[in-house]
Amino acid sequence: LIRLALATGMRAGELLGLMWEDVHIEKRYLVVPLERDKTRKGRAVPLSKESMAVLRELKKRREGAAPRVFATLSASSDVMGKGFKRITKRAGSEGLRFHDLRHEAISRLFELTQLRTMEIALITGHTN
């Protein structure tokens, strides 16, 4: 979950609700449908080599016909947030929030790509 968050810049709720039917590894993108997008517009998220590797790994470990990518985790971002808080406390990184991974991912898009601000906004679901 953490690796995919850093590779895509997706929100916690979008990742936890991600369905296998919305993942198109061979076409190098996934879809955040409008009903799971904070802005209710929906969007396509291009997949980097890292995000494709994570998704392939998760697909290998897929349990049965589970429709959600992270079916073994609660779909609640509140529950995930509490677990993340415990992990960061044990790691000595208290104060780090899951949403900080989104900020880091977006910063990397600016630093490591030639994408323009509006292109990054479309990918990350920012409206302004």
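Sequential numbering from 1 along the given sequence is applied to the chain's residues.
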message: With heavy-atom distances below 4.5 Å as the criterion, would you say the side chains of T127 and K41 are in contact?
response: yes
query: ring pair (Phe, Tyr, Trp, His ring centres under 6.0 Å) with H24: which residues, sequence neighbours excluded?
result: Y29
- prompt: Does any non-hydrogen side-chain atom of L16 lie less than 4.5 Å from one of S76?
  reply: no
message: Using side-chain heavy atoms (C-beta onward) and a distance below 4.5 Å, is L30 in contact with V32?
response: yes
- prompt: Shared ILVMFWY cluster between I25 and L1, side chains joined below 4.5 angstrom?
  reply: yes
- request: Enumerate the residue pairs fulfilling side chain to side chain donor-acceptor pair (under 3.5 Å) with a member in residues 77-90, sequence neighbours excluded, ordered by first and then second residue.
  value: none
- prompt: If you group Ile, Leu, Val, Met, Phe, Trp and Tyr by side-chain heavy-atom gaps below 4.5 Å, do I2 and V79 land in one group?
  reply: no
task: Could you tell me whether the side chain of R36 and the main chain of E14 form a donor-acceptor pair under 3.5 Å?
output: no
With P67 via side chain to side chain contact (heavy atoms under 4.5 Å, CB included) - residues at least two apart: M19
task: Would you give the length of the straight line joining atom CZ of R28 to atom CG of L47, rounded to the nearest 0.5 angstrom?
output: 7.5 Å
For residues 96-115, dump all side-chain donor-acceptor pairs below 3.5 Å to protein atoms at least two apart in sequence or in another chain.
from	atom 1	to	atom 2	distance (Å)
R97	NH2	D100	OD1	2.9
H99	NE2	H103	NE2	3.2
D100	OD2	R97	N	2.8
R102	NH1	G9	O	2.5
R102	NH1	T124	O	3.1
R102	NH2	T124	O	2.8
E104	OE2	R108	NE	2.9
S107	OG	H103	O	3.0
T113	OG1	L109	O	2.4
T113	OG1	L115	N	3.2

- prompt: Which atoms form the tightest heavy-atom contact between A7 and E50, and what is the distance?
  reply: CB-CG, 3.9 Å
- request: Give a yes or no answer on whether the side chain of R43 reaches the backbone of I123 with a donor-acceptor pair at less than 3.5 Å.
  value: yes
query: Taking atom CG of L18 and atom CZ of R68, what is their separation to the nearest 0.5 Å?
result: 9.5 Å
Just list the side-chain donor-acceptor pairs under 3.5 Å for residues 51-62, sequence neighbours left out, or say none.
from	atom 1	to	atom 2	distance (Å)
S51	OG	S48	N	2.7
S51	OG	S48	O	3.0
S51	OG	S48	OG	3.2
E57	OE1	R3	NH1	3.4
E57	OE2	R61	NH2	2.4
R62	NE	A66	O	3.1
R62	NH2	A66	O	2.9

message: Please list all pairs meeting ring pair (Phe, Tyr, Trp, His ring centres under 6.0 Å) that have one or both residues in residues 33-80, counting only residues at least two apart or in different chains.
response: none
